[in-house]
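Reviewing the structure listed below.
Here the structure is a predicted model, which is why all the values come from computation and not from measurement. The chains referred to below are lettered A, B, ... by the order of the sequence lines, with proteins before strands, and numbering in each begins at 1.
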Amino acid sequence: MPIQLFDSLERRLKPLAPSHPDGVFRFYNCGLTVYAPGHIGNFRTFVVNDVLRRLLELEFGKDKVKHVRNLTDVDDRTIGQAKKENRGLAEITQHWTKIFHQDCAALNLLPPHAEPTATGYIREQVNMIECLMEKGNAYRAPDGSVYFKIASFPGYGALSRIQERELQVTNAIADADHKDSVSDFALWKVYKPEEDGAVKWTGPGGTGEGRPGWHIECSAMSKSILGDTIDLHTGGVDLLFPHHENEIAQSQCCNGTTFARHWYHSEHLLVDGKKMSKSLGNYYTLGDLVAKGYSPMAVRLALLMGHPRKQLNFTLDSLHAAESALANLRAHRASLATAGAAHEAFAPVLAMLQDDLNTPGALGALFTIINRKDGEPDAASFDRVMFALGLDLQKPAAPAAAAPGAITALAEKRWAAKQARDFAAADALRKELTAAGWAMLDGKDGYRLEPVMKK
RNA sequence: GGCGCGGUCGCCAAGUGGUUAAGGCCGAGCUCUGCAAAAGCUCUACCGCCGGUUCGACUCCGGCCCGCGCCUCCA
């Protein structure tokens with residue numbers, strides 16, 4: 001069964017298939033701007049794309065998928081952050097790239113086959129801008145910046161179905177005086193010493209120094225690494241407009257052919273019913289959650305508990321639920337013989353994923369099959385499903401927090417009382433521990449202490 | 001104002017024009033266990049409101065209420 005995925009442009013489910021003769025599926029996923037740690041909303045998108053990547057590998061073969069995910073390392077925010085910290089741009093972006101890679105590894109994201117950066121493709125971006133200027137799709141404004149002329153591309157707005165006149169005019173006025181139309185967007189931004197510091201490159205012919213606008217990087221990197229036409233382009237819904245709309249305009253005007261055959265956008269993550277914001281106190285990075293005692297694998301599972309094309313309300317409760325569910329999966333895996341019969345016991349789970357990436361449906365099917373205790377255990381099929389979901393059951397659960405000395409002492413005392421069969425004393429001590437927020441779990445030859453997880 | 005999405009069990013969340021509306025978490029009862037935990041068994045919804053279409057709608061259509069997102073550099 002082919003993978004069916006919703007196409008944001010045509011607004012319907014379409015099967016996914018490679019279009020190039022080499023049979024390699026070309027997949028571009030808009031990545032992170034590296035000026036701060038990624039938040040879990042960013043990671044929702046990347047986890048969803050990772051499941052997609054894994055499904056594509058299962059469908060077409062490991063070497064028949066080319067996955068590109070870029071890093072935006074020059075824009076207003078990265079430059080702003082560097083300036084704020086009085087450090088070099090590269091220093092800032094390399095630091096956050098390193099953190100991003102650590103987070104990705106913790107979440108078990110397969111590394112993309114290429115991870116281009118905007119600064120690594122300046123030449124390609126400049127070439128593309130020159131191409132657009134030559135073709136009459138871009139113009140140099142009086143201030144030296146270069147803008148894309150939206151009026152020159154009749155197809156503009158097809159993806160977002162937004163008309164120029166529908167745009168709320170309030171905040172589009174910023175540098176309108178330089179543009180032919182308020183809706184035109186920057187391809188090349190002229191150098192401004194007071195803002196840009198040392199950040200500048202030689203611009204397209206006939207213009208001065210400066211830096212690329214945001215949108216052109218994806219068009220240029222996609223073209224350079226994957227070719228003029230790619231099979232799938234993805235990102236969060238917020239990129240649909242203007243970013244992806246602008247990419248289509250740039251790429252199709254320059255290349256004269258279809259840019260992406262399929263567009264896919266994952267919805268936003270909400271936290272406690274609202275978009276994350278630091279002022280609401282509902283803004284989480286992976287590090288924040290790990291510090292609270294949750295495991296990255298549980299975060300991954302929690303991010304998969306909602307349909308990717310629906311807003312997902314993330315709460316600490318849901319994360320707690322994921323942690324428990326993960327423990328059940330580990331227990332189930334341990335109960336399976338290593339070499340299971342190959343009868344595809346878990347095939348319905350993959351079928352759910354292949355049907356528009358229905359991750360919650362897949363998880364439902366997974367647990368339904370686990371709960372139904374008839375049928376032969378099938379470790380191979382189970383493992384294939386875990387691979388598709390990217391759930392690494394080998395990764396440790398959240399590390400138990402170390403108990404304070406006073407707690408340890410109480411526990412020792414209780415263990416001794418228990419060994420002496422003084423159950424009254426033992427029970428009293430258990431109560432004390434519970435009151436202090438610690439659960440004492442007795443084993444055959446010893447005990448474990450666990451903090452009682454508070455909601 | 002424009003565009004789009006959603007309101008299903010305490011929480012999270014699938015799903016279908018018509019047998020018992022998945023699943024996870026939490027909770028409750030029972031079994032087991034000195035106690036607790038783990039494990040096992042069992043239990044918990046008529047699908048925002050009002051109309052319409054239909055033999056039949058939670059599922060289709062219309063209206064309303066509520067929530068959320070995007071509208072030039074936010075995944």
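- Checked against B:G24, B:A75, B:G4, the side chain of A:Asn371 finds its nearest nucleotide in B:G24.
- Proximity note for A:Arg11 (side chain, C-beta onward) versus B:C68, B:A36, B:C5: the nearest is B:C5.
- Residue A:Tyr156 contributes atom OH, which lies 14 Å from atom C1' of B:C3 at whole-angstrom precision.
- Under the side-chain hydrogen bond (donor to acceptor under 3.5 Å, both in side chains) criterion, A:Tyr284 pairs with no residue, sequence neighbours left out.
- Seen from the ring of A:Phe46, A:Arg69 counts as a face-on cation partner, given the 6.0 Å and 45° thresholds.
- Residue contacts for A:Gly306: at a heavy-atom cut-off of 4.0 Å it reaches the sugar-phosphate backbone alone, with no base atom in range.
- Using a 4.0 Å heavy-atom criterion, one finds that A:Gly31 contacts the sugar-phosphate atoms exclusively.
- Put simply, NZ on A:Lys275 is 12 Å from C1' on B:C71, counting in whole angstrom units.
- For A:Asn49 and A:Tyr264, the side-chain atoms include no donor-acceptor pair closer than 3.5 Å.
- Straight-line distance from the CE atom of A:Met440 to the C1' atom of B:G34: 14 Å, rounded to whole Å.
- Taking CD1 from A:Ile79 and NZ from A:Lys192, the interatomic distance works out to 10.5 Å, rounded to the nearest 0.5 Å.
- Phosphate proximity of B:C25 to A:Asn328: present, with a side-chain N or O under 4.0 Å from OP1 or OP2.
- Between A:Phe423 and B:G34, a base-stacking contact is recorded: ring centres under 5.5 Å apart, planes less than 30° from parallel.
- On the P atoms, B:C41 is 13 Å away from B:C25, given to the nearest whole Å.
- When heavy atoms are screened at a 4.0 angstrom cut-off, A:Met352 is found touching no nucleic acid atom at all.
- Note: CH2 (A:Trp415) to P (B:A37) measures 16 Å, nearest angstrom.
- Rounded to an integer number of Å, the gap from A:Phe241 CZ to B:G2 P is 17 Å.
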Checking A:Leu71 against A:Phe100 for the side-chain contact (heavy atoms from CB on, under 4.5 Å) test, could you report, in this order, the C-alpha distance in whole Å, the side-chain angles of both residues, the deciding distance, and whether it holds? CA-CA 10 Å; A:Leu71 291 168; A:Phe100 176 59; 3.9 Å; yes
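- Every residue was checked against the ring pair (Phe, Tyr, Trp, His ring centres under 6.0 Å) condition with A:Trp201, not counting sequence neighbours, and none meets it.
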Would A:Asp392 and A:Arg300 satisfy salt bridge (Lys or Arg N to Asp or Glu O under 4.0 Å), going step by step from the backbone distance to the final call? CA-CA 10 Å; A:Asp392 180 354; A:Arg300 178 171 179 121; over 6 Å; no
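- The side chain of A:Leu269 lies closest to B:A75 when the candidates are B:U72, B:A75, B:G24.
- For B:U44 and B:C30, the C1' atoms lie 16 Å apart once the distance is rounded to whole Å.
- In this model, the phosphate group of B:C35 is not approached by any side-chain N or O of A:Lys418 to a distance below 4.0 Å at OP1 or OP2.
- In the set B:A13, B:G23, B:C35, B:C35 carries the atom at the smallest distance from any side-chain atom of A:Arg430.
- A distance-only check finds no donor-acceptor pair linking the side chain of A:Ser145 to the backbone of A:Ala141 [under 3.5 Å].
- Distance noted for atom C1' between B:A37 and B:C32: 12 Å (whole Å).
- Counting non-hydrogen atoms under 4.0 angstrom, A:Asn49 reaches nothing in the nucleic acid.
- A sub-4.0 Å separation between OP1 or OP2 of B:A14 and a side-chain N or O of A:Lys310 is present.
- Residues A:Lys275 and A:Asp238 are not paired through a salt bridge, judged by the lack of any N-O separation under 4.0 Å between the basic side chain and the carboxylate.
- Atom CZ of A:Arg44 is separated from atom P of B:G69 by 14 Å (rounded to the nearest Å).
- Taking every side-chain heavy atom of A:Thr368 into account, B:G23 is the closest of B:G23, B:C25, B:G4.
- In this entry the distance linking CG of A:Asn42 with P of B:A75 reads 5 Å, nearest Å.
- When the side-chain nitrogen and oxygen atoms of A:Arg77 are compared with OP1 and OP2 of B:A75, one or more of them lie within a distance under 4.0 Å.
- When heavy atoms are screened at a 4.0 angstrom cut-off, A:Lys274 is found touching the sugar-phosphate backbone but no base atom.
- Between A:Pro242 and A:Phe46, it is A:Pro242 whose nearest contact on RNA chain B lies nearer the 5' terminus.
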Could you give the side-chain donor-acceptor pairs of residues 347-357 of chain A under 3.5 Å, partners two or more places apart or in another chain?
unit_1	atom_1	unit_2	atom_2	d
A:Asp356	OD1	A:Phe6	N	2.9
A:Asp356	OD2	A:Arg309	NE	3.0
A:Asp356	OD2	A:Arg309	NH2	2.7

Are any protein N/O atoms closer than 3.5 Å to N/O atoms in nucleotides 9-12 of chain B? If there are, list each pair with its distance.
unit_1	atom_1	unit_2	atom_2	d
B:C12	OP1	A:Asn313	ND2	3.4

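- Between A:Arg161 and B:G4 there is a side-chain polar atom (N or O) within less than 4.0 angstrom of OP1 or OP2.
- Nearest to the side-chain atoms of A:Arg414 among the listed nucleotides B:U72, B:G69, B:C35 stands B:C35.
- A:His307 comes within contact range of the sugar-phosphate backbone alone, with a heavy-atom separation under 4.0 Å but no base atom that close.
- When the P atom is compared between B:C11 and B:A45, the two are found 14 Å apart, to the nearest whole Å.
- Residue A:His243 forms a ring-ring contact (aromatic ring centres under 6.0 Å, His included) with just one option from A:His233, A:His215, A:His265, and that option is A:His215.
- Protein atom CG of A:Leu429 is 15 Å distant from nucleotide atom C1' of B:G34, rounded to whole Å.
- Side-chain proximity of A:Asp238 to B:G23, B:A75, B:A39: nearest is B:A75.
- To the nearest whole angstrom, the two P atoms, one in B:A22 and one in B:C58, are 16 Å apart.
- A salt bridge links A:Asp383 with A:Arg333; the closest basic N to acidic carboxylate O contact falls under 4.0 Å.
- Of the candidates B:G67, B:A14, B:G34, the closest approach to any side-chain atom of A:Asn358 belongs to B:A14.
- For B:C26, one of the phosphate oxygens OP1 or OP2 lies less than 4.0 angstrom from a side-chain nitrogen or oxygen of A:Ser324.
- Going from the C1' atom of B:A21 to that of B:G29 covers 25 Å, rounded to whole Å.
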Under a cut-off of 3.5 Å for both distances of each Watson-Crick or G-U pair, what dot-bracket string does RNA chain B give, using [ ] for crossing pairs and | for inter-strand pairs? (((((((..(((.....[....))).(((((.......)))))....(((((..]....))))))))))))....
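- For the P atoms, the distance from B:C55 to B:G48 is 25 Å, rounded to whole Å.
- Going from the C1' atom of B:U54 to that of B:G18 covers 11 Å, rounded to whole Å.
- Note on A:Gly236: only backbone sugar-phosphate atoms sit closer than 4.0 angstrom, heavy atoms only; bases stay farther off.
- Contacts of A:His262 classified as side chain to side chain contact (heavy atoms under 4.5 Å, CB included), with partners at least two apart in sequence or in another chain: A:Leu5, A:Asp7, A:Lys14, A:Leu16, A:Leu232.
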